[in-house]
Q: 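I have a structure I would like to understand better, so I am pasting it below and will then ask my questions one at a time.
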Amino acid sequence: MDLVLVESPAKAKTINKYLGRGYEVMASYGHVRDLPAKSGSVDPDADFRMLWEVDPKALKRLNDIVRAVKDAGKLILATDPDREGEAISWHVLELLKQRKALHGQPIQRVVFNAITKQAVTEAMRQPRGIDQSLVDAYLARRALDYLVGFTLSPVLWRKLPGARSAGRVQSVALRLVCDRELEIEKFVRREYWSILATLATPRQETFQARLTGADGKKLQRLDIGSGAEAEAFKQALEQAAFTVAAVEAKPVRRHPQPPFTTSTLQQEASRKFGFAPAHTMRVAQRLYEGVDIDGETVGLITYMRTDGVQIANEAIVAARRLIETDYGARYVPSSPRHYETKAKNAQEAHEAIRPTDLGRRPRNAQRFLDADQAKLYELIWLRTMASQMESAELERTTVDITAKVAQRLLELRATGTVIKFDGFLTLYQEGRDEDAEDEESRRLPEMSAGERLGKRSIDVEQHFTEPPPRYSEASLVKRLEELGIGRPSTYASILQVLKDRKYVRLDKRRLHPEDRGRIVVAFLESFFAKYVEYDFTAGLEEQLDLIANSEIPWRQVLRDFWRDFIGAVDETKDLKISQVIDALDALLAPHLFPPRADGSDPRQCPTCGSGRLTLKLSKYGAFIGCSNYPECRYTRPLSLPAEGAADIGTKKLGEDPETGLEVTLRSGRFGPYVQLGESVDGEKPKRASLPKGMTPDEVDLSRALALLRLPREVGRHPEDGEPIRAGIGRFGPYVQHGKTYANLEAGDDVFTIGLNRAVTLIAEKIAKGPRSRRFGTDPGRNLGEHPTKGGPVVAKNGRYGPYVSHAGINATLPRDRTPETVTLDEAVALLDARANRGTPAAPHARPRKSARAAPGAARPGKRNAADRPAGERPAERGSARPAARSKRPAATKKSQRKTTQAAE
């Protein structure tokens, strides 16, 4: 029997059905090992040697794979067709070699772009080996991310209290958000006026025209800058005679957009449905891996991590045939459409994202999908179909009008667009990030040059220029792609890290930088400017692509990067906190000290009047303080709170339609919450705290009622009919079935999560098994047979640290040794020393720092067994006394948390 290895159990289940007998399909559940979150995992001094650590959660699965490989006739690695998929196959193969599980079996790598029987069968006929160039590109990317995180983050912790971490791409994306916020804060609004005339043709058809010129001079948008000027023009137009000067109609063709890439799918799902990129990718993953349709598991879309825009010829043929059937031959272009990517540094070799079978229409697939899956599948289907349809034909009309009054000649213009043939627009129209005037909805009446027009009204309107809009998740992904920063598989994780680190917050679908995020970016721009430059980061991405194409060696890229980077880090070693404060204070001044309405100095201390407000840093983070400290103790947070935002008090949201009780939003000791009714006879009313990430401004009556109704029943489990509930607990939102609780992942919404998604989360939680509270279940690393006593010597990770074990005797490893590095000889020496000292230590024991008495020697205040009177028994403690646990410094856990954050 041949063994086929994939990433996910859903994918394994589907492929197993396609291949049938003669194959066993197993899942690795993603990556089986990674760089441990500690210093030294990548060693620049050893030519960037990388020390990998097997995920403890993956040990059981890995052991199952090892056992299966030993009996397999062939190993087929069928992980995803991108860089990450290649890396997973490589990691598994390397671990199997280390475990000596392979015995000459053929090893094949197969890739397929869609999980359909045809695609899988075809891939099995075209095996290849591991693509080492893709693996090298993965290694370089992983090493770069690790080196930046574990080198730069400690600098932040030392010089910038309150900072979490810095990342190679994450920090550049954060800079984009912060730079846009700075543009908004520096923006100076400018007043301008527009003048709109409502006119009528001789046939009494009305339309609107805008003033565009006066006395031979063109008027630009901002040229009418005051109400007085606007009023003067209005008075002139009220007395004017209007005549059509010219009518120009131009035919325009609008072409369809190409099928979806990863980034365009994330952007469009965000615009149309409000999906976060991480949620979009999770839903797309499920559609790719397959859903159950009439008893058969079918993959509905092709692979969803790609920046290719071309699709297979058979898909083009199917689309054209379906378009002719549904819409007629007029909607089918004379030749098939072929697209080329415009994205900078596009490097994925796969198709665009498309349905695996265009004949499976959204309305037919809907009953097999949850709400979000149905929305995304329909979006992909419509976009793919539209991409092969005929262009839309429009007629854009421009009418120039003269208005003569006394000796003055004023000019107006009316524009409109008429759709002559809708083409692909009958099926699909791309969303927009910003609201804009829709010219296609404005149609002008028939007019000809020389016609006299009647005046219906003249309207003047005041406007103010607007700052550039904050990024939405969709527009930020678009901007990252335009700059060549990141790749299809990274956009969702970049945004998620920024939100998880509290560097940005999402408010009304717009990204707002938090103060800690702005402080980090300001620090990096001041002292590591090169490494948050857009061009530098994009250039590094280009080098990673060259590695994938076998054009440059991956270690050379690391050497060139590390040489300059470590030099920049070394330059900050003597950096004083005062220098950091001065740099940040100057860079963030527009944000920290915005102009006051009365024109007074925004840095003047409101308490003492003579002090100057400046940025301060403490172990708890940054704040604003007075320069006269300690005489003046005025302080405030970095951001000035919006007027009335300090305390929401009690805000009435409305009445609950079921009970008639009033629903209110309130401020409490632990933050804002919603409440149903009031206390009656000492009985507390129902309350619900606002979940993490939700602001009081977002809470309306419907959202408050949804919170108060949690936990809610999602549906009945298809296997046992028991209810599945969704709620919010002390550790965040969850779904529950019986005694199984599964946390919701980023992008899941506790209010809208469907039954299919909930069942998947619960199944994944059960598949991982109960979380062990003890590390003693770790099977450990077999070092070999004991040279004199026989039996295996095993190195393990215990609850309080690593140790070696043999025949019931356990010995703690020194701090410079790990289960992966300790040798058999070293382990035997430690075990012999432990045996000579008496009873064996428990697996979780750590060595005492104080010296111990020699074996058998009496300790002060204690009696040896020999000194105990006959018949006196010791207290019941078991057969062996474990060594006392050593006390760790209080900062240890905090340091470990920071180390983990740096890795991310």
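None of the values given here were measured: they were computed from a predicted structure.
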Q: Specify the closest pair of heavy atoms between Tyr23 and Ile76, including all atoms of both residues, with the distance to one decimal.
A: CE2-CD1, 3.9 Å

Q: Name the residue from Lys499, Gln267, Arg271 that meets the side chain to side chain donor-acceptor pair (under 3.5 Å) definition with Glu473.
A: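 By the side chain to side chain donor-acceptor pair (under 3.5 Å) criterion, Glu473 pairs with just one of Lys499, Gln267, Arg271: Lys499.
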
Q: Around atom CD of Glu446, are there more than 12 heavy atoms of other residues, nucleotides or ligands at under 6.0 Å?
A: no

Q: Test: side-chain hydrogen bond (donor to acceptor under 3.5 Å, both in side chains). Region: residues 12-21. Which pairs qualify, not counting sequence neighbours?
A: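 Passing the test, one end in residues 12-21: Lys17-Thr297.
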
Q: I'd like to know if the side chain of Glu393 and the backbone of Lys420 have a donor-acceptor N/O pair within less than 3.5 Å.
A: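 Side chain of Glu393 to backbone of Lys420: no pair is present.
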
Q: Under the 3.5 angstrom rule, does the side chain of Thr306 hit a backbone N or O of Glu351 as a donor-acceptor pair?
A: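 Judged by distance alone, yes, a pair lies under 3.5 Å.
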
Q: Looking at residues at least two apart in the chain, or sitting in another chain, which of them share a salt bridge (charged side-chain N to carboxylate O under 4.0 Å, His left out) with Lys375?
A: none

Q: Might you confirm whether atom CD of Gln118 has over 12 heavy atoms from other residues, nucleotides or ligands at distances under 6.0 Å?
A: no

Q: Taking salt bridge (charged side-chain N to carboxylate O under 4.0 Å, His left out) as the test, write out the residues that go with Asp357, two or more places apart.
A: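 Asp357: no salt bridge (charged side-chain N to carboxylate O under 4.0 Å, His left out) contacts found.
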
Q: One thing to verify: whether Glu378 and Lys272 come together as a salt bridge, which I'm taking to mean a side-chain N less than 4.0 angstrom from a carboxylate O.
A: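 No.
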
Q: If I compare all heavy atoms of Ala87 with all of His31, which pair ends up nearest, and what's the gap?
A: CB-CE1, 4.0 Å

Q: Output yes when a side-chain donor or acceptor of Thr79 lies under 3.5 Å from a complementary backbone atom of Gly85, and no otherwise.
A: yes

Q: In Å and rounded to the nearest 0.5 Å, what is the OG1 to CZ distance from Thr302 to Phe260?
A: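 These two atoms lie 12.0 Å from each other.
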
Q: Any chance the rings of Phe273 and His279 have centres within less than 6.0 Å?
A: no

Q: When rounded to the nearest 0.5 angstrom, what distance separates OG1 in Thr280 from CD in Gln266?
A: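 Going from OG1 on Thr280 over to CD on Gln266, the span is 6.5 Å.
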
Q: For Tyr327 and Phe424, I'd like to know if the aromatic rings sit close, meaning centre-to-centre distance below 6.0 Å.
A: no

Q: Test your reading of the model: is there a side-chain donor-acceptor pair from Tyr339 to the backbone of Ser387, 3.5 Å cut-off?
A: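 At least one qualifying donor-acceptor pair exists.
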
Q: So, using salt bridge (charged side-chain N to carboxylate O under 4.0 Å, His left out) as the criterion, who are the partners of Arg321 when residues are at least two apart?
A: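 Arg321: no salt bridge (charged side-chain N to carboxylate O under 4.0 Å, His left out) contacts found.
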
Q: For the atom pair CZ (Arg712) and CD1 (Ile724), what is the distance rounded to the nearest 0.5 Å?
A: 11.0 Å

Q: Do the side chains of Asp326 and Arg361 get close enough for a salt bridge, i.e. N-O under 4.0 angstrom?
A: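 Between Arg361 and Asp326 there is a salt bridge, with a charged N closer than 4.0 Å to a carboxylate O.
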
Q: Counting only N and O atoms by type, is there a donor-acceptor contact under 3.5 Å from the side chain of Glu86 to the main-chain atoms of Asp131?
A: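 It does hold such a pair.
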
Q: Are side-chain N/O atoms of Ser263 and Glu481 paired as donor and acceptor at under 3.5 Å?
A: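 Distance-only check passes for Ser263 and Glu481.
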
Q: Which residues satisfy the ring-ring contact (aromatic ring centres under 6.0 Å, His included) test with Tyr288, sequence neighbours excluded?
A: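 For Tyr288, the residues satisfying ring-ring contact (aromatic ring centres under 6.0 Å, His included) (neighbours in sequence not counted) are Tyr303.
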
Q: For salt bridge (Lys or Arg N to Asp or Glu O under 4.0 Å), just list the numbers for Lys478 and Glu268, CA-CA rounded to whole Å, side-chain angles, deciding distance to a tenth of an Å, and then say yes or no.
A: CA-CA 10 Å; Lys478 183 178 180 180; Glu268 194 72 339; over 6 Å; no

Q: Is the cationic atom of Arg479 (NZ for Lys, CZ for Arg) positioned less than 6.0 Å from the six-membered ring centroid of Tyr471 and within 45 degrees of its normal?
A: no

Q: The criterion is salt bridge (charged side-chain N to carboxylate O under 4.0 Å, His left out); which residues satisfy it with Asp80, sequence neighbours excluded?
A: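 Scan of Asp80 (salt bridge (charged side-chain N to carboxylate O under 4.0 Å, His left out), adjacent residues dropped) gives Lys11.
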
Q: Has Gln366 got more than 12 heavy atoms of other residues, nucleotides or ligands less than 6.0 Å from its CD?
A: no

